[in-house]
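Below is one structure; the comments refer to it alone.
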Amino acid sequence: MSVPKESSEPITRVKKTHTVKTQLVVDEQTLEILKIDCAKGRVHDFSLFKRSRIRLHPETEILADLGYLGMKNIHTNSHIPYVGYKKRPLSKEKKQYNYQLSRRRIRIENIIRECKIFRIVKHIYRGKHKNYGLAWNVVARLVNFKNQHLFRKDVY
């Protein structure tokens, strides 16, 4: 048996290239999932938002997390928490703003949690990437259906 020769070319191994990123648009009042966008690979939240080309009315309020820094340049009525640094901590007003924003966003995060209860969304997706958005759409419709019947008073 011969030993394989070393190649002069460097070997590049890229990890985690099979990831899929998902973005949800949720209505704050009805808690209904309005739109889902998926992207293959490692994609930043804000670049996924720009790529999805979601059209929103200028008066629509957007509540986003720190992954969407720069949203004010695209949509003026967006709310993003302030960032505190070690040498420049947040003032009490900014801390209060972040607290009020997180109190409003927690309902949306709970909707995302309801989607992640389904194992196809929570665990490693082993199907074809082109069907990943379809799986998310099915899960979103099930969550919307569940929430719609929870808020109706004439059911049972």
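- A distance of 13.5 Å separates CZ in R103 from CG in L63, rounded to the nearest 0.5 Å.
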Stepwise side-chain contact (heavy atoms from CB on, under 4.5 Å) check, H57 with N77: CA-CA 10 Å; H57 193 273; N77 197 11; over 6 Å; no
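- Within the model, atoms CZ of R105 and CZ of R107 stand 13.5 Å from one another, a figure rounded to the nearest 0.5 Å.
- Each side chain to side chain donor-acceptor pair (under 3.5 Å) pair with one or both residues in residues 65-74, not counting sequence neighbours, appears once here: Q23-Y68.
- Qualifying salt bridge (charged side-chain N to carboxylate O under 4.0 Å, His left out) partners for R104, counting only residues two or more places apart in sequence or in other chains: E28, E61.
- Relative ring orientation between F46 and F49 is described as parallel, the plane-to-plane angle staying below 30° on a 0-90° scale split at 30° and 60°.
- S47 is linked by a side chain to side chain donor-acceptor pair (under 3.5 Å) to nothing, counting only residues two or more places apart in sequence or in another chain.
- Two residues are said to be in side-chain contact when any heavy atoms from C-beta on lie closer than 4.5 Å; V25 and I33 fail this criterion.
- For the ring-ring contact (aromatic ring centres under 6.0 Å, His included) condition, the pairs that include at least one residue of residues 71-96, sequence neighbours left out, are Y82-Y97.
- I108 and L56 fall into different hydrophobic clusters, where Ile, Leu, Val, Met, Phe, Trp and Tyr are joined by side-chain heavy atoms under 4.5 Å apart, directly or via other members.
- Grouping the Ile, Leu, Val, Met, Phe, Trp and Tyr side chains by contacts below 4.5 angstrom, directly or via other members, places I80 with I74.
- For the residue pair A64 and L101, the shortest heavy atom distance occurs at O-CD2, 4.3 Å.
- Taking a cutoff of 4.0 Å between a charged side-chain nitrogen and a carboxylate oxygen, E109 and R113 do not qualify as a salt bridge.
- Distance check, rounded to the nearest 0.5 Å: CZ of R126 to NE2 of H123 gives 10.5 Å.
- Proximity of Y125 to I120: side-chain heavy atoms (C-beta onward) are separated by under 4.5 Å at one or more points.
- Hydrophobic clustering (side-chain heavy atoms under 4.5 Å, transitive across Ile, Leu, Val, Met, Phe, Trp, Tyr) groups I36 together with V143.
- Of all heavy-atom pairs between G67 and H44, the closest is O-CE1, 3.0 Å.
- Taking the side chain as every heavy atom from C-beta outward, L66 and V83 approach each other to under 4.5 Å.
- At a threshold of 4.5 Å between non-hydrogen side-chain atoms, the residues F118 and V138 do not count as touching.
- Here K35 pairs with D37 under the salt bridge (charged side-chain N to carboxylate O under 4.0 Å, His left out) rule; sequence neighbours left out.
- Residues passing the side chain to side chain donor-acceptor pair (under 3.5 Å) test with E32: none are found, sequence neighbours excluded.
- Under the 4.5 Å side-chain heavy-atom criterion for ILVMFWY residues, a single connected hydrophobic cluster contains both L69 and I54.
- Residue L24 comes nearest to C115 through the heavy atom pair CD1-SG, 4.4 Å, listed as atom of the first residue, atom of the second, then distance.
- At least one side-chain heavy atom of I111 sits under 4.5 Å from a side-chain heavy atom of N147.
- Judged by distance alone, with hydrogens and angles left aside, the side-chain atoms of N98 form no donor-acceptor pair with the main-chain N or O of P81 at under 3.5 Å.
- The OG1 atom of T60 sits 9.5 Å away from the CG atom of D27 when rounded to the nearest 0.5 Å.
- Under the 4.5 Å side-chain criterion, counting only non-hydrogen atoms from C-beta, D45 is in contact with K21.
- L90 and G84 make their closest contact through CG-CA, 3.7 Å (heavy atoms, listed as atom of the first residue, atom of the second, distance).
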